[in-house]
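Worth saying up front: this structure is predicted, and the values here are computed from it rather than measured. Within every chain, numbering begins at 1; the chains are lettered A, B, ... in the order of the sequence lines, protein sequences first and strands thereafter.
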Amino acid sequence: MDTRFNAAQRKLRLELRDYFKSIMTPEVVAEVVGKEGGPRFREIIRKLGEDGILTLGWPKEYGGKEYTTVEQLILFEEAWSAHTPFPLITINTVGPAIMKFGTDEQKDFFLPKIAAGQCIFAVGYTEAGSGTDLASLKMPAVLDGDEYVVNGNKLFTSSGQDCDYVWLAVRTEKEVKRPSDGISIMIVDATDPGFSFAPINTVGDIETSMTYYENVRIPKDRVVGGINRGWKVITSQLNHERVTLASMTVVGAKQFRRVVKLLDEKSQAGDGPLTDPLVRAKVGELYCRLEAIEVLNLRTATQIEEGKLDVALASGVKFQNTLELIEVLRGLLDLVGEDALVAYPSEGAIFDGDLERDYRSAQVNTVGGGVMEVMRCMVASFGLEMPNTIA
Amino acid sequence: MDFNFSEEQQSIVDAAERVFADLCDDDTIKNIGESDVPLHKELWAQLADSGMLGLVVDEEHGGLGMTLVELCLLFELQGKYLAPVPMIATLVECGLVISGSDNVTLKADLLPQVVSGELLLSPVRASNGVLDTAGLAAAGNDDLVLNGVSGVVPYASVAGGYVVTATEDDGHAVIVYCPQGASGLSVTEQRMSSGELAGKLHFENCAVPAAQVVARGASAAALAERQKQDTFVALAALQVGVLDEGLRRTAEYVSQRKQFGRPLGAFQAVSQQAANAYMAIESLRGAYWRALDDIEHGNDAALSTRVAKFWVGEAGHKAAHTILHLHGGIGQDVDYPAHRYFLWGKHNERYIGTPDDMALDVGKLIAADATRVLNAGTAA
Ligand SMILES: Cc1cc2nc3c(=O)[nH]c(=O)nc-3n(C[C@H](O)[C@H](O)[C@H](O)COP(=O)(O)OP(=O)(O)OC[C@H]3O[C@@H](n4cnc5c(N)ncnc54)[C@H](O)[C@@H]3O)c2cc1C
């Protein structure tokens with residue numbers, strides 16, 4: 001049994017923390033937090049690319065450093081807690097999918113650009129009528145000569161407002177036994193005149209977009225993984241995405257440290273909040289929850305690394321840790337008191353509004369990356385051999 | 001990182017599993033629970049025969065000299081089979097404390113009897129309930145005199161001796177050994193909600209000769225803290241066993257029983273509850289493994305063992321109620337085994353500290369030294 005970060009991993013974390021801190025000054029954070037595009041956002045991503053940070057987890061043959069899953073988790077956690085613009089979807093979903101399913105030409109063209117931070121993808125899966133039941137998606141792609149022509153809309157295309165390409169899921173076959181058999185993945189050039197977008201503002205300040213496709217033309221060689229083979233491309237990246245999602249719970253630990261530090265400073269005089277048993281019990285409870293979150297994340301990361309992923313555990317971690325994180329952030333709001341919900345840029349916003357914002361945005365993961373209900377269904381069927389109750 | 005027990009560790013309990021499986025079928029457990037002395041004597045004897053009671057006793061005293069890690073695997077089995085024996089009390093709460101003592105004569109006298117299964121031991125601490133607040137006081141220079149009450153002493157009426165933690169006049173802890181039948185000590189038998197035996201101990205000028213002192217002063221305090229930490233982890237192991245098996249049986253039940261023409265488990269409301277229980281148990285398992293890791297590697301385990309005990313309660317409450325509820329009416333029927341997982345889960349939740357107690361303890365440790373959590377360089 002060895003459940004803790006080793007010395008090298010702790011050192012790596014502190015180095016990455018310093019690195020991201022040096023880039024993410026308070027002014028920069030204020031400018032880019034929650035953003036999925038814009039000149040400053042782009043500038044930072046190019047810098048990360050130049051410094052080789054984006055591809056630390058990639059295989060060596062694509063210029064990466066082959067970080068282990070736990071090291072990648074540390075990388076994403078530190079990037080995330082410093083609010084660093086980090087094109088997680090491009091790096092951790094699209095990149096690996098191109099490595100696995102792309103043609104040599106696609107690899108040669110896209111991967112170096114992604115690594116350099118010069119190419120950002122948006123993912124266009126969700127449609128107005130197809131969310132959780134993604135396989136029901138309808139947007140058609142019709143072959144016209146050497147190109148596919150797409151028409152329709154996608155909902156919640158994050159980065160859609162400032163991307164170079166859209167990783168688009170389309171329907172290329174209607175008459176199929178299972179709806180997932182007629183889906184293809186295609187790469188849309190965002191400079192195509194038929195492509196446009198409109199912003200969607202969200203409660204957690206996370207920018208996303210509605211994207212529109214009007215006779216957008218996609219050359220045949222921009223199909224990834226083959227026609228009607230898209231479902232496999234989509235689902236094969238789930239493990240990478242699990243690490244991405246796991247890293248997001250780090251905000252709980254970050255805010256906990258901050259709140260404890262604040263309470264501790266206020267208590268140095270001898271009569272501060274940390275002398276109150278109610279405060280102590282709350283601090284203790286939150287620590288207990290954070291420790292469980294951390295170990296669950298590390299267990300999943302280690303299983304991925306060893307190629308022995310337990311689907312029940314991985315699905316369960318998604319909902320369990322999201323709910324625990326919300327509980328932790330809620331407790332931290334309780335601890336800081338009535339100022340807790342003062343929002344940035346008001347003068348009284350605690351930690352420049354960071355805690356308030358993190359609390360507001362943590363709830364998105366009860367939906368994003370797989371709704372909780374479906375995750376629970378997977379736990380019951382894979383972990384307890386109960387019937388599948390998703391549909 | 002490594003989230004596994006080693007093959008060697010696992011192989012030690014493989015043999016023990018057969019013993020439990022042979023001797024702890026549902027009917028046997030039910031019958032023992034209904035008997036006058038709900039103690040599984042045959043199991044205890046078999047565990048002694050196979051060397052399991054000496055797992056953590058050093059070789060000098062006839063044991064196998066292993067660690068709490070191997071022992072915890074045994075507690076998982078005990079939980080799985082709901083075996084009514086004072087294994088944690090005798091081996092961890094008392095045995096490990098005696099092993100940690102400098103009193104070589106006492107060790108040489110008691111430990112071999114633990115290994116052979118002759119001596120059952122019970123830990124005694126001052127009550128922390130609302131009824132008995134008198135505490136346990138020890139007075140004297142070399143020979144001591146004990147006074148006070150302890151409310152929930154596991155298996156007290158069948159134990160051959162007690163490891164008692166009391167407080168001296170100067171506020172320091174002292175740990176002594178007190179055999180059953182000592183003059184000035186009386187035991188009133190009690191039954192816990194789980195059906196397990198317990199006792200209320202009254203000490204009235206009970207004399208304890210210096211030869212029976214296990215530890216005094218700073219070493220007593222350290223040993224008492226160590227006793228708590230080890231017990232928290234042991235209870236986590238036991239609870240994992242109880243809840244895993246209870247939920248596995250529940251899943252089997254709802255997958256086979258049909259209502260409205262389909263298995264109950266095919267209803268999403270049922271699968272959702274089962275999944276919540278499943279993940280509460282996984283959170284407990286993670287916290288338990290981390291605490292065990294700390295103990296195994298000699299790290300400071302003051303926080304992580306309390307975190308584990310917090311989750312014993314948190315998961316115990318959530319999963320235990322789900323186990324009972326998803327069984328419907330038959331879950332309430334004491335002729336059917338499901339209720340026992342509920343009762344054991346709830347017992348473990350409270351024994352030597354509720355989740356609130358643990359949270360407060362952790363909070364106190366952090367308040368005393370915030371750098372414990374601020375400078376860790378890890379996520380938390
Ligand atoms: C900030 C943000 C960013 C996003 N970014 C992207 C992106 O970049 N690309 C992209 O393609 N999509 C993106 N999404 C979309 C996201 O993936 C979907 O919102 C998600 O898949 C859920 O689909 P839906 O919104 O249609 O919810 P619905 O499917 O309508 O579900 C609504 C609710 O119904 C319940 N429910 C659903 N299915 C079941 C079931 N089987 N059993 C029981 N209950 C159920 C759940 O409570 C669920 O929350 C983003 C969403 C947000 C909010």
Is there a side-chain contact between B/Met66 and B/Gln9, using heavy atoms and a 4.5 Å cut-off?
no

If we define contacts as heavy-atom pairs under 4.5 Å, which of B/Asp356, B/Val254, B/Asn276 has the most with chain A?
B/Asn276

Using a 6.0 Å cut-off, check whether atom CD of B/Gln10 has over 12 heavy atoms from anything other than its own residue.
yes

For A/His83 and A/Asp354, test the side chains for any donor-to-acceptor distance below 3.5 angstrom and give the result as yes or no.
yes

In terms of heavy-atom proximity below 4.5 Å to chain A, should B/Ser6 be classed as side chain, backbone, both, or neither?
neither

Proximity breakdown for B/Leu264 and chain A, heavy-atom pairs closer than 4.5 Å
neither

Interface check, chain B: of A/Val283, A/Asn297, A/Leu296, most non-hydrogen pairs under 4.5 Å belong to A/Leu296

Would the number of heavy atoms belonging to other residues, nucleotides or ligands and lying under 6.0 Å from OH of B/Tyr336 be above 12?
yes

Residue by residue, scan residues 345-354 of chain B and write down, ordered by number, those that have a heavy-atom distance under 4.5 Å to chain A; if none do, write 'none'.
none

Taking atom CD of B/Gln256 as the centre, report whether more than 12 heavy atoms of other residues, nucleotides or ligands fall under 6.0 Å from it.
yes

Heavy-atom contact with chain B under 4.5 Å, split by part of A/Leu384:
both

Under a 4.5 Å cutoff for heavy-atom pairs, which residue among B/Asp293, B/Val362, B/Leu360 has the most contacts with chain A?
B/Asp293

Under a 4.5 Å heavy-atom cut-off, does chain B meet the side chain of A/Ile390, its backbone, both or neither?
backbone

Report, as yes or no, whether the 6.0 Å neighbourhood of atom CG on A/Asp276 holds more than 12 heavy atoms from other residues, nucleotides or ligands.
yes

Cation-pi check, A/Arg330 to A/Tyr359: give yes when NZ or CZ is under 6.0 Å from the six-membered ring centre and within 45° of the ring axis, no otherwise.
no

Between B/Ala308, B/Ser304, B/Ser271, which residue shows the highest count of heavy-atom pairs closer than 4.5 Å to chain A?
B/Ser271

Under 4.5 Å to a heavy atom of chain B? For A/Arg289 that would be both

Flag, side chain of B/Gln272 to backbone of B/Ala269, donor-acceptor distance under 3.5 Å:
no

Top contributor to chain A interface from B/Pro263, B/Gly363, B/Ala370 [non-hydrogen pairs under 4.5 Å]
B/Gly363

Side chain, backbone, both or neither: which part of A/Glu373 has a heavy atom under 4.5 Å from chain B?
both

Is there a donor-acceptor pair under 3.5 Å between the side chain of A/Thr69 and the backbone N or O of A/Ile304?
no

Judged by atom type as modelled, is there a donor-acceptor pair below 3.5 Å linking the side chain of A/Ser315 to the main-chain atoms of A/Met375?
no

Heavy atoms only, distances under 4.5 angstrom: which of A/Leu313, A/Thr68, A/Val70 has the most pairs with chain B? Name it, please.
A/Leu313

Nearest-0.5 Å distance that lies between atom OH in B/Tyr341 and atom CZ in B/Arg248:
8.0 Å

Using non-hydrogen atoms and a limit below 4.5 Å, what part of residues 318-325 of chain A faces chain B?
A/Phe319, A/Gln320, A/Glu324

Please report the C-alpha distance between A/Val374 and A/Thr132 in whole Å, then the side-chain angles of each, then the deciding distance to 0.1 Å, and finally whether the side chain to side chain contact (heavy atoms under 4.5 Å, CB included) criterion is met.
CA-CA 8 Å; A/Val374 170; A/Thr132 310; 3.6 Å; yes

Under 3.5 Å donor-acceptor, A/Thr84 side chain and A/Phe86 backbone:
no

Quick one: does A/Gln255's side chain get under 4.5 Å of A/Phe351's, heavy atoms only?
yes

For chain A, find which of B/Asp361, B/Leu303, B/Leu365 contributes the most heavy-atom pairs closer than 4.5 angstrom.
B/Leu303

Is the B/His321 ring parallel, tilted or perpendicular to the B/Phe342 ring (thresholds 30°, 60°)?
perpendicular

Backbone of B/Gly313 reached by a side-chain donor or acceptor of B/His317 within 3.5 Å:
no

For the residue pair B/Phe5 and B/Trp289, categorise the inter-ring angle as parallel (less than 30°), tilted (30 to 60°) or perpendicular (more than 60°).
perpendicular

Using a 3.5 Å cut-off and no angle test, enumerate the donor-acceptor pairs between side-chain atoms of residues 230-237 of chain B and protein atoms at least two apart in sequence or in another chain.
{"from": "B/Asp230", "atom 1": "OD1", "to": "B/Arg226", "atom 2": "NE", "distance (Å)": "3.3"}
{"from": "B/Thr231", "atom 1": "OG1", "to": "B/Gln227", "atom 2": "O", "distance (Å)": "2.6"}

Please state whether the side chain, the backbone, both or neither of A/Thr302 comes within less than 4.5 Å of a heavy atom of chain B.
side chain

Tell me, yes or no, whether the heavy-atom count around B/Asn128 atom CG, taken from other residues, nucleotides or ligands under 6.0 Å, exceeds 12.
no

Contact list (residues 277-288 of chain B to chain A, heavy-atom gap under 4.5 Å, by number) returns B/Tyr278, B/Met279, B/Ala280, B/Glu282, B/Ser283, B/Arg285, B/Gly286

Within 45° cone of A/Phe5 ring axis and under 6.0 Å: A/Arg10 NZ or CZ:
no

Give, as side chain, backbone, both or neither, the part of B/Glu296 having an atom under 4.5 angstrom from any heavy atom of chain A.
side chain

Exam field: side chain B/Gln268 to backbone A/Thr389, donor-acceptor pair closer than 3.5 Å
yes

I'd like to know which of B/Arg290, B/Lys364, B/Met1 tops the heavy-atom pair count under 4.5 Å against chain A.
B/Arg290

Contacting moiety of B/Glu314, where chain A heavy atoms sit under 4.5 Å:
side chain

Hey, is the main chain of B/Ala301 close enough, under 3.5 Å, to the side chain of B/Asn299 for a donor-acceptor pair?
no

Is A/Val317 close to chain B through its backbone or its side chain, or both, or neither, when contacts mean heavy atoms under 4.5 Å?
both

Under a 4.5 Å cutoff for heavy-atom pairs, which residue among A/Cys288, A/Ala312, A/Ala380 has the most contacts with chain B?
A/Cys288

